[in-house]
Every structure is written in C-alpha cells, then in structure tokens.
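Only one structure is covered here, and it is reproduced in the block below.
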There are 4 protein chains.
Amino acid sequence: MLGRGVWSSLRQGLSRGLSRKVGGWASGEGRKMDIAGIYPPVTTPFTATAEVDYGKLEENLHKLGAFPFRGFVVQGSNGEFPFLTSIERLEVVSRVRQAMPKDKLLLAGSGCESTQATVEMTVSMAQVGADAALVVTPCFYRGRMSSAALIHHYTKVADLSPIPVVLYSVPANTGLDLPVDAVVTLSQHPNIVGIKDSGGDVTRMGLIVHKTGRQDFQVLAGSAGFLLASYAVGAVGGVCALANVLGAQVCQLERLCLTGQWEDAQKLQHRLIEPNTAVTRRFGIPGLKKTMDWFGYYGGPCRAPLQELSPTDEEVLRMDFTSNGWL
Amino acid sequence: MLGRGVWSSLRQGLSRGLSRKVGGWASGEGRKMDIAGIYPPVTTPFTATAEVDYGKLEENLHKLGAFPFRGFVVQGSNGEFPFLTSIERLEVVSRVRQAMPKDKLLLAGSGCESTQATVEMTVSMAQVGADAALVVTPCFYRGRMSSAALIHHYTKVADLSPIPVVLYSVPANTGLDLPVDAVVTLSQHPNIVGIKDSGGDVTRMGLIVHKTGRQDFQVLAGSAGFLLASYAVGAVGGVCALANVLGAQVCQLERLCLTGQWEDAQKLQHRLIEPNTAVTRRFGIPGLKKTMDWFGYYGGPCRAPLQELSPTDEEVLRMDFTSNGWL
Amino acid sequence: MLGRGVWSSLRQGLSRGLSRKVGGWASGEGRKMDIAGIYPPVTTPFTATAEVDYGKLEENLHKLGAFPFRGFVVQGSNGEFPFLTSIERLEVVSRVRQAMPKDKLLLAGSGCESTQATVEMTVSMAQVGADAALVVTPCFYRGRMSSAALIHHYTKVADLSPIPVVLYSVPANTGLDLPVDAVVTLSQHPNIVGIKDSGGDVTRMGLIVHKTGRQDFQVLAGSAGFLLASYAVGAVGGVCALANVLGAQVCQLERLCLTGQWEDAQKLQHRLIEPNTAVTRRFGIPGLKKTMDWFGYYGGPCRAPLQELSPTDEEVLRMDFTSNGWL
Amino acid sequence: MLGRGVWSSLRQGLSRGLSRKVGGWASGEGRKMDIAGIYPPVTTPFTATAEVDYGKLEENLHKLGAFPFRGFVVQGSNGEFPFLTSIERLEVVSRVRQAMPKDKLLLAGSGCESTQATVEMTVSMAQVGADAALVVTPCFYRGRMSSAALIHHYTKVADLSPIPVVLYSVPANTGLDLPVDAVVTLSQHPNIVGIKDSGGDVTRMGLIVHKTGRQDFQVLAGSAGFLLASYAVGAVGGVCALANVLGAQVCQLERLCLTGQWEDAQKLQHRLIEPNTAVTRRFGIPGLKKTMDWFGYYGGPCRAPLQELSPTDEEVLRMDFTSNGWL
C-alpha cells in the first residue's frame, strides 16, 4: 500500500524498534501497559479541497492538551481512517505524536481488512510513534468472522506488533461484535492489553471484566453515553467522541466515578447522553465536526461520501446541546 | 375472552373497585405509587399434563416470601402468559394475591394485542387483587406500532385502569422497543408510574430517567444482568428472573447499590451475569424452571411449544451456576 | 378462552366432524388437498365503535365472489385476528362460510401461542366450516422456537386437526422464519398440505419446492409483490392482500403465469409491486382498508392500537395506485 | 495508496484514455453499454505464502473461457479485494484482461470507502483494461449513507469515470441496501448502465426494472440462487459465484430462461440453490475455493483472516453438491 521507499525506511526503523519494544511486552514481568483514563478520538481535519489539514490538527491538539486526558486515540472510527491513504494515516499519527504532550498515550487505529495489512500498519504505527495499536475487527466478510478467525487474526497481529494491542469492537460500523469468548481467549496474550467496546451493552462489558479478571486486561467504554455504567461494571476509562467538545465534562465524569461520587456522576452523565448520541449515532462525524466548530475547535468538512448536515439536522444537533445546558 | 358469568361478576366488583382505587391516582396529591425494589417474575407451574398447578405456585410463593422483595410480578414474560387462557391468567393472579405477604406489591401482566382487550384484562387484574398492571407493548403489527399508536394505546389503558400502570418494553420477545419519546410523553400521565425495561440498553435507561425527572416516574431494570448499571444511571429496582432462584443474592445486590458499596456490588454483579443470561436469553423459561428444580422450588415443565432442555444444554446451564460459585 | 357452553357444543360437533373429516386425510390414498390458486386474506370490518360488522363482511364477500379466486383466507395477518376474541374468530369464519360460494376453499387462521390452544382453535375452525387451517408460527418466545420445537408444535396440531393444515411463515409479524429443514420434515405429515410463505425470499421458496418435491406439498406466495417470481420457482398460488382491491388483476397475473405468458406477466407484475407494498409493509392494514374504501368495498376503521393513516400517508398511498394506472 | 511512480504512469495513460473513452459514453447517442449475460466473479488465487498467484489466475481464466459467459467480474466480493493492495488490484485486472478472450467484457470492482479513492481506482481500472467498473456501496459509515450521500458518491464517480459504471449492492457484506429511490435517480446518469443486486429480494429487483424502464438500465442478479426469478422479473443476467464451478449449468439456466423454457429452467434452478448457498452465504469464499479444487480449477487458500473450512464443513459442502447430482 505504501511506496517501496517508505516501507523500507519503516522496516529499518522497525528492526530497531522491535528490539526495544518487543522486549517490553515479552519480558515476562507480567504487567501490561496501563491504559486507564479518558481519550478523545481525534477527528481528521480537512481543507475545503479535502486535503488533510495538519495545521488545524495540531491546533486542535494544543487545545485538547489542556484537559486531563490520559491520551489520544488517532484513527478510531471518528478519524475517518477508511478515507485516508496509508501514507496519510501514518502522517496523521506522526503529527499527533509531535503535537501532543509527551506524557500522554497515543493509541493509533491500525486495523485493515487483511491480517497481513493490519500487521504492517501496526508495525508502521509503532514506527511513527504510537504507544499502542487500536485494532478494529475486520468486517467485510463478517459472515466468516467466527471466533476462531478473529482469534487467529488478533493473535497474529499481537505476536508481531512491537507495541501493545487494544481490541476494538464497534458493531455500529462493522456489523460485528467481537465475541466474548474470543475476547477472553485473547486477553491471555501478553501483548493484548485491553478492549475498546463501543457496543453499549454493559452486561457484556461486565462479563468481559469478570472473565478476564486474572489477565490484567482493561476495558474502555467506546462512548460517553454509557461511561458511568461502564465504570460501575469495571471499565477503567473511555474513548469518547464527546470529549472532543466537552473534554472538561467527560474528565469530570471520570473523576466523579473514580472518587465514588455516584450521585453527582449520575446527574452529569444524564446531561451528556443526548449530546453524545447527537455526535455519534445520530449525526455521526459531520455532527461531531459541526459541534467542534461551535466549541472553538476546527471541525470543518468531512471527506465524501460523508455529507454536511442539513440546516434542520443542525438545529436538532444544537438543541441536544442547549437543552442540556452546554450551549 | 371470558365466559359471560365471569365477566359480569368482574364488572360488579369493578364498579366497587373503581370508586375506591381510581380515587387514588386521580386525587391530585401528585405522588405516584412507589414501586422501588426487587421483584421476581414468578413462573407458572404446570403439572405433567400441562394444567396450572396452583398448589406448587403457592409453595413457590411461600418460599420466595422469605426474601426482602418489594413484591412479585405475575405474568411477565417468564409467566408464560401467552399460553394461559384469560381465566387462568386471572386465577393465577388471584392465587398469588392470597399466597403472598400482605405488605408486598403484586404487579400483574395485563397486556394483550388490542387496546380494548388490554383495558378489560387490566380492569380484571385489579379486581382479582393486582396492585399495579404491567402492560407489555402490543407487537404483532410492530411495523405500525409508531410512537403515536403506542401513546394512544397506553393512554387509553391508563385512563381506564383502576390501578397504576407500569409500561413494559421487552424487545427480545416483542421485536419492539417502546420509543423514548413515547415513554417521556406517557410519563406525564398520572396513572402511569414507571417502566420495566428489559432491553439492557443503559444509555436509553439513563436518558429515560433524565427526561422524566420531573414526573415522579420510576424505571425498573428488566433483568439482573444489568441491575448494578441500572441503579448507577437512576433505576429504582428490578424485575429479575434470576431472583426466582438467587433471591437473596439479587436483594443483596440491591442493598449494596443503595448503600453505595459499589465495589462489592460490582463483584457480586459479575458473578450474576452468566447465571442470569442462562435463565433468560440463553435457555429461556425452560432453563429457569430447570434451575428452580435445583434450588428447591418447583420448576416443572413448560407448556408446548416450549421444549425441555437437552441434556447438553442442561450441563451448560449448570456450569453457568457452578463456575460462579452458586451450585 | 371460550365460555364453557360454546366449547361443549363445539366439542359435540367435533366428534361428528372428526369421524367425517379425519377419515379424509388419514385414508391413505396419498393425495393431499389441492390448494392451488389465489386467495384474498379478507379483512375484518369493524363499526365505528369497533364491533365486528358482519353485514359489511358479507357484502365484501359477495363482491369478492365475482373473481376467480380459489378461495378465501380468513384471519391471516390481515384479518386482525390478534384483536379478536376466540368467539369472534369463530363467528367471522362461520359467517364467511355462509356468505362465500360453495365451491371455494376457506382457509382459516387458527394459530395461537400455545400448542394446546392452537389445537383447540383448529378443531373449532373445522367445526364452523373451514376447509383447511392456516397455522402461523408461535412467536412470543422466538428465542426458543427451534426447528425441533416448531416441528413438535405443528405435528401435534396436524395430528389432531380434522382438516388439512397449511404452515404459515410471516417474519414481518413474527420475527421468525419457519426454518427450511422444519418445513421439509413437516411436509411428510399426511395432514400438512403446504405453506404460505410471506417472507419474499424466493431462493428459500424454490428450495422448499425442491426439497418437498416428493411430498405433494404446495407453496403459496404470501404476497402479490413476488407472485410471478414464486410461480417461476414452483409455487402454486398466492395469498395476496392486494387481491382484496385488485382481485381481477391478481387473478389475471395468475392466469398469465399458468399459461406461460411470461412477458405480459412481467409487465403486470411490475405495476402491482408498489400498490402491493403500500397495502402491506408500508401502510399495513390501515392502508389496505383505506384502499378498500376507494375500490368499492367496506374498509372502515381498524381496532386499536392500529391507527388511521395520516392525510400525508393517504396521499402517498393513493399515488402508489395512480402512478401505476389503477386509480 | 500507490507508489508515486505507478500513479504518475497511470495518470499519463489516463489522459490518453479519457479522451478516447469518455467520448464513448458522453457522445450522446443514447445507448448504454449492453451488459446482459452471465459473469463468474473470479476468485484471486494465492500461493501457500499468500502471494497472488497470477499463473493460476490465468489457468483458471483459460478454463473458464470455454463457457459462453458474457464476461468476467474481477474483484467483486468473491475476489477478496479488501485484502489486496491497490497495486495488486490493478495487476490482477491487468492479467485477467490479457488472459481472457477479447470479445468478452471485463467488469472490475473499483469501490473504495471514499469517493476520491473510488474515482482514482475507477480511472486506474479503465487504464489497465476494464470495460466497466463495478462500484460497491461504501459502508463503514453506513449510518450516514443516506440516499443523498450515495447519489452524490456515485454521480461523482460516474462523472469522472472513463468507463461505464455498474452499481453494486451487496447487503450481506456491507450491511447496506442501495435504496431503490437512489437507484432510480442514478439510472438517469448516462454513464451508469446497471446494477448488480446481490440482496436476493426479487420484489425490489422487479421494482427497479419497472422504475428504470425508460433509462436503458440493466439489472444483474448477484447470485445463482435467484437467477431464474430475476429473469422472470426482468433482469438481463447474473454475476454468479457458482459459475466458477458450474459454469455450463449456469449458462444453461440462462439459455432456458431466455428461450422461455420455464419448466426446465425451474428444474435446473432447483438443483442449483443448495450448491449456490454453499459457496456463498454458508461457507463463503473458502467454500467456493475448496469447490474449485474439486472441479478442476485452482482454488487454494484465502488470505487471512479468512480461514480454511473444517473437515465437517467440507463434508457438508460436498453433500450440497452430491445430493443435487453435481459431484
């Protein structure tokens, strides 16, 4: 997918990186990377002509750097990664690495449809500075994506990745739930540290926490809409689109949960549900980007075929924020 | 649906009942019936020849009476109500009323497909002693069950019911989620006191709590699998099939949630997820009844077309309890 | 479900009927009842106060009697049977029997949720004059409706039914497809003569025809939208809501298929798709009844919770007929 | 996605190509390319080390060249295109172009998630010899893929494509049905010549034929399981995975349909349903490739994460062919 030159330089870097990093996860001291905390899945800004706007990306990151996030997810579903070339994917991660505070984690989405491409992209992500790889389930052949196939896929990726792997289940996009039995099996891999679960089924999330209890395996909620409930059943953080616009509030919700202030947490959670649904399921990335424009970030256009919101939709989106006191 | 004789006696009773009970909810003092707490949805025991075994029903209730339940749900989905004649439905409720402790609540399932039949059944349920009616969404014509249709249905039922009405959304059975906007509208009805939500979507449940905050409207979780998370987002109790066999544990989970002992609650919740799934989604009522046999209750056979578990299924069911330390 | 008096008279009649009719299907001559042809699933007319309007029912039947239908389906999904009491269900069938031409077949919907109730209703339907019973899949506990459970259910019903049984799969209402392997097994029962399949999956229909080829088993399309395609894969007729308003045209389509005039059949089929969708999936029974009013029949209101069409919907409905040249 | 060198040579070629080909569809003579007929969607052979095996690809094509196919689809879903790099995608098409008979059509899958990438891939496909582009619906953001978004996407692609565009709707893979209203709108574009519809809903297919009747727009069935029914409602051909192994039979079915021998067509269709389901929905590409091995072609392994069939599955697969007399 990349020009040969890029690949060969990546590969040289890789051999260095592997010796440094693989040592980390394979050293047998038994502790996996701690990924607890809140992450905004950063959007990819585009110019009016649909080029990646790296300057705006950096501006957004500087603003987001003000909040007590644990780190950033780059090229989760909100990053429009299926619309980026491989080179753009790597360049975006590279720029984020440089723009973001040194002490925060960078989780880079590296999932592709084939196992081989996912391995290559994961290795490349490590090379350009990712601390961990977020690997979405392959999904085009979902009818054949049995537990066995998915276990095989993720094991291969984790075996060859120089950085820890975070599983990523997002059925709204993939039409596929990574089965609990597959998650439990994969949790035993020393280089698989957790899962981002965006399905919103907390019974399932609780079960995953329960069944992986001895594996030092961490569950991140995939959305702010069920963040409180996720903490209640044992999640350790969240990757929340809403944190791109209400970063302080999502971090505040985290703090309330971690300090056991459940009543206040509940009140805050309630006010975040509608805005969260608006920038995710209801209006998608166009909704999130429009809201970013309102909140002082650069949202801007999406790449086609994603379309801008209609004026009517925009009004509804705004209402979901104003009626909850955020605008 | 009933013989004329039964109906006329019911109707005479009704006029008495209406004067007594309608006064209650219509009196304008503004407080709705408090339904907070845990309820087992009691099963309907059958003899080997598929007759209702009222004796076993009473025995089960006496045993269940030992736990600090708020009350009992009779003819929720676990009661096999679609397999009972109208007369059986009323007789079962009547017997439960007599067998159960006086200070507990009896929530009786009174939903039918037509609005008219639901009204009649609700009125009859009041006559035979129900404290509140649990009204499942009609579902055969689900393609036409818009918010408007459902609001019309429930409003009619609530208008004419001598006892408070609890909405009941159980998509696994009905293929239909009572829409949030319909719930919010219906929460304003003085005779609609809450909802039993069995869908397991806590984002939705949190939103319902949030949007009905001023209506004295109560949300009950429809399953023990997400009970902790439901309390976390503002539910006030649960109708839990699992409480038919692990009554003490479900009540213990309630207590831990209400007293803010979230860590212990989480540990207990985790151990209840697999048993709960086993007696609900995975093995259904045949699984629940089989487990009741193991735990000292009378489970017995289901009515056809529900089938007994296969020996293999039974083994898996048992494992879901033993592996969590309950058997 | 019925008053005792009704049941006892039904049962007396039944013993007579059984001796007469069971002989029919059990006599071993190996030919099953021929059900080939077109059937309108008649609607149940209601008065403004939601009583069954038997006079209008008879008027509709007299008008429908003018077309070369093979017979009538009473209390298919379009008959609002879930909204009728048992007594009404039987009375409606009885009235249709009397009002319809003697030489046509009466297929009566007799499905209930429990096997026992379905047996009783089927027997009663025979008593009031049904030629065959159309038995919808039970569906409330769809998660447990395995092939084994459904085979058991239908076998019991067919064993005890004095009249031939037609299987009925209508996933839009039941959320359940009667599995092909169950259909194949059931096709071997001497008293099961065919299936009404409303799912619209002609690959499945072709497979059923293929796998039941030796069983004298007949497939009826459950809708006019795929009638031509169904004939092409081996169906022998159809139960078509649209035949309530475009009876001549649906019969014409049958004739074109049976005589191999596929090009004309195709042209006619094309013009029936949108009107058919309008009176089924899109606007349901309210749409069908509204259209009946336009075409000189009595449509009238539905029972609640089904709602009348909005003026906007009504306009769209009309357009689906006018744009295809039918109004 | 491609190395710069490849792109620049493609672009040079492109400018030549555009002047030659765009003229074709824009010339205003009003006839769209005729695509009627049967196409096998060719698989991509891999070596044991998962490299594309171009030699085996050519061998397969030479064997397939013996049948009266209208042409070949390269990189439909069966071509594992999501597992190929852009360079591999183009190389495969280029090789097929050289290996296949000159008088047959080459339809090349060129769909990507973004509109821009799809345009570029389509242009490149034209450069390497495709006669038409088969463009699958983008699907990762399916929640936002409204009719408007899809119309915009396809219009852009068709505007800029030097070769005719065939729409491609395959909900089993994409979770998305290209809406009928979008198809109707797009059928008016002079460079959009038809649709490959793999959903199997013949009511929908008939409606598309009906509503695009004046647009010289052609419908291809996306599977052999409903090929006869598709012809019956007006399709002009099919893209059939099964034609990779039962090429003669699928062409025979076409001939029977075109010559109006519906009874024989029906018998043949019946025997193709189970084999077809086996190599598509049931066992996917691994099933198809295994069967190719049996029928004298090179099937070979799939790229991961697709897994080989288990011995049990293989037996079932074989039975689906033997029981219908094909093995």
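These values consider heavy atoms only, across backbone and side chains, with no hydrogens, waters or symmetry-generated copies. Every chain is numbered from 1, with letters handed out A, B, ... down the list of sequences.
- Interface summary for chain A: among D:P138, D:S77, D:A148, D:G143, the most heavy-atom pairs under 4.5 angstrom belong to D:S77.
- Between the CE atom of A:M145 and the CG atom of D:L306 there is a distance of 4.5 Å, given to the nearest 0.5 Å.
- Residue contact with chain D, scored on non-hydrogen atoms closer than 4.5 Å, is absent for A:L150.
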Donor-acceptor pairs under 3.5 angstrom involving side-chain atoms of residues 307-317 of chain A: please list them, not counting sequence neighbours.
| residue | atom | partner | partner atom | Å |
| --- | --- | --- | --- | --- |
| A:Q307 | NE2 | A:P305 | O | 3.1 |
| A:S310 | OG | A:D313 | N | 3.1 |

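- Residue pairs meeting the side-chain hydrogen bond (donor to acceptor under 3.5 Å, both in side chains) criterion with at least one member in residues 41-54 of chain D, sequence neighbours excluded: D:T47-D:T49.
- Crowding of D:R281 atom CZ: a count of heavy atoms from other residues, nucleotides or ligands under 6.0 Å not exceeding 12.
- Summarising the geometry of A:N173 relative to D:R142, their closest heavy-atom pair is O-NH1, 2.9 Å, with the distance given to 0.1 Å.
- Using a 4.5 Å cut-off between heavy atoms, D:T118 does not touch chain A at all.
- Of residues 176-185 of chain A, not one residue has a non-hydrogen atom less than 4.5 Å from any non-hydrogen atom of chain D.
- Residue pairs meeting the salt bridge (Lys or Arg N to Asp or Glu O under 4.0 Å) criterion with at least one partner in residues 76-93 of chain A, sequence neighbours excluded, are A:E80-A:K289, A:E88-A:R303, A:E91-A:R95.
- Proximity to chain A (any heavy atom under 4.5 Å) is shown, for D:T174, by both the backbone and the side chain.
- Ring-centre distance between A:F81 and D:F140: below the 6.0 Å cut-off.
- Per-residue counts of heavy-atom pairs under 4.5 Å with chain D were compared for A:G284, A:A149, A:A172; the largest is that of A:A149.
- Of all heavy-atom pairs spanning A:P82 and D:E113, the tightest one is O-CB, 3.5 Å.
- The candidate from D:Q116, D:H153, D:R144 with the greatest count of non-hydrogen atom pairs under 4.5 Å with chain A is D:R144.
- With a 4.5 Å cut-off on non-hydrogen atoms, D:Y154 does not touch chain A at all.
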